Amino acid sequence: MSSLLSINNLTVAVGSKALVDQVSFDVPEGKIVAIAGGSGSGKTTIGLSILRLLPSALNIKQGSIVFEGQDLLQLSSESMRQQRGAHIGMVFQEPLSAFDPLFTIGQQIDEVLAAHTELSVQERYKKVLDILVEVELPDPERAHGSYPHQLSGGMRQRAMVALAYVCGPSLIIADEPTSSLDVTLQVKIMELLIRLKKKNVSILLIAHDLGMISHIADEVIILNQGHVVEKGPVAQVIGDPRHEYTKELVGAFQ
Amino acid sequence: MKRNNSRTALAFASFRRNRIGMLAFWVLVIFYGLAIFADFISPYSYKDEDRNFSYCPPTSVEFVDHGQWGHPFVYGRALTFDTMHRRVYVIDQTQKYPLHFLKNGRLFTVDTPGRFYLWGADARGRDLFSRIWYGARISLSIGLLGVAISFILGLLIGGIAGYYGGWVDSVLMRLCEMFMMIPGFYLMLALRAAVPENFNSVQVYVSVVVILALIGWASLARIIRGMALSLRERDFVLVAKTLGVPDIVIIAKHILPQTISFSCPILMLTVSSYILAEAGLSVVGLGIQDPIPSWGNLLSDAMGIVPVIFAPWILLPGLFIFIAVMCFNVVGDSLRDAFDPMFSKDGAV
């Protein structure tokens, strides 16, 4: 089975109103799959459902989320915690608020390692520096000891990727990872995601920027008001949109 | 690498620039230092009594003997009674007792039968100066220990209630309210009544600490819970969750440290209220028991009008309670200002 993550008939509702309705898609190993759609289409809700971290008002009504052969919705809360960070990482849109202002970048990456591994303090320190080198942060030693506000936006987003990637997860959910960055930095972060993909990490990219999606994603799912309206290889969906909403989206982008 | 720019470091730097705050801080440091070295600085043990010197007034140190400066000494005293049968201590210039320094492991002392009462004696002829510093050990440590326990309880329970919310929150907050609905002093008396009367001094000390801790944690827990409710919605808490950081680590590392600007000043203010509470318990005879001194039970000697009129120095422990409480309040206030970015004089945040 080449699907790393397989979502079947996922329905998420607040009260009786479905925010995500009967959504099914697969994320194959080593591929970048993008979810695109307007605001409120349920993109982020799907991302948080995979980690089972939905706000308490939202409930998963039905469906299954099969990751590495097991249904995440059936796991105990402790084994779910062990999945998070270690097997599934998440990158957020706004890296400044994603870091705790009271701790250094190094301390926060170290915390993830401490939660999932038995490594000693020295081994963790070395590993954190390695990961900071790997995401191409200039001067990793300094970044290790810096507080979040001392880094630039691009550096913070790299540190954010390091945070999600440090335990070597097989899936990274990237929720609008470039939206808060300027265009040149967006390209750099996209290149970083492509490098991760080459290391056989699957990426579920949540984005509204079709340009970025057509640049790096292999497959795309177009979501409108909680429904999948179109899915398939990027070239096919964006190059030759069939559904009205997709056409509208592509038209708006051009 | 510039590391000293965390919020806490900035706040303490601002605190160090506050002269009154620093003065209060150093007064407290001196008090605690003297309490720790009470064995050394006081001339007598706290239970060393001489009934011939009941309510003996403060002894003055003499330097001039027959018109010549020399080694400091004290005159002896003879007990007489006036026409009203009141004690009058007459200075007996024929008896001289030189002051010995660093003798028998004490900073200063005189040979028996001379007695040296720097700040006077109590009803049983015990040295008030010595008893104040031995009492400081009890009074100053009880506040700190009580606060340490109630802060651990308050932070943990408030943090857990706010972070999890839901029924956990409801149960814990109802528990808090049960403690808060009883007026503090009556709760203290009730808890003290529940302690067996045949406890030894250490057990009484521990039970007073526990009683103090139990009356203070609830209000702190409620405020921390409110802050945790808002902090758990912050992005970095969600990020920590997505990375599989255990809940208790998130509470301890990402929720509670954010409340430091509130909890650090409150900690100081609570210490002062606990020192007062211990004094209150001991004044009414429910706290630390004689002969072990605490500032509270030393002050209970001053409950009658007669001793206060004829031996006003036995009010001195009250002055020390006042100074210690005020210093803790000033330090607490200064810390609150230091943590408040709107309050910094130079506008640096």
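This one's a predicted model, so the numbers in the text were calculated from it and none came from an experiment.
Dense packing is recorded around CD of A/Glu78, with more than 12 heavy atoms of other residues, nucleotides or ligands lying under 6.0 Å away. Around the CZ atom of B/Arg174, the shell of radius 6.0 Å holds more than 12 heavy atoms that belong to other residues, nucleotides or ligands. Atom NZ of A/Lys31 has 12 or fewer neighbouring heavy atoms from other residues, nucleotides or ligands inside a 6.0 Å radius. More than 12 heavy atoms of other residues, nucleotides or ligands lie within 6.0 Å of CD1 in B/Ile182, so this atom counts as buried by the packing criterion. Counting non-hydrogen atoms of neighbouring residues, nucleotides and ligands closer than 6.0 angstrom, the CZ atom of B/Phe185 exceeds 12 such neighbours.
A donor-acceptor pair is defined here as one N or O able to donate and one able to accept, closer than 3.5 Å; such a pair exists between the side chain of A/His116 and the backbone of B/Leu243.
Considering CG of A/Asp100 and NZ of B/Lys253, their distance stands at 9.0 Å, rounded to 0.5 Å. Atom CG of residue A/Leu163 and atom CZ of residue B/Phe236 lie 13.0 Å apart, to the nearest 0.5 angstrom. Distance OG1/B/Thr242 to CZ/A/Arg81: 13.0 Å, rounded to 0.5 Å.
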Worked verdict on B/Leu238 versus A/Phe92 for side chain to side chain contact (heavy atoms under 4.5 Å, CB included): CA-CA 10 Å; B/Leu238 178 62; A/Phe92 286 84; 3.7 Å; yes
So B/Val239 and A/Met160, side chain to side chain contact (heavy atoms under 4.5 Å, CB included) or not? Walk me through it. CA-CA 10 Å; B/Val239 169; A/Met160 181 80 225; 4.0 Å; yes
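Shown here for B/Asp235 and A/Ser97, the closest heavy-atom pair between the two residues is OD2-OG, 2.7 Å. Taking both residues in full, the closest heavy atoms of B/Pro246 and A/Ala115 are given as CD-CB, 3.8 Å, listed atom of the first, atom of the second, then distance.
Looking only at side-chain heavy atoms (C-beta outward), B/Gln258 and A/Pro101 come within less than 4.5 Å of each other.
Between the side chains of B/His254 and A/Glu111, at least one donor N or O sits under 3.5 Å from an acceptor N or O.
Looking at B/Glu233, neither its backbone nor its side chain comes within 4.5 Å of chain A, counting heavy atoms on both sides.
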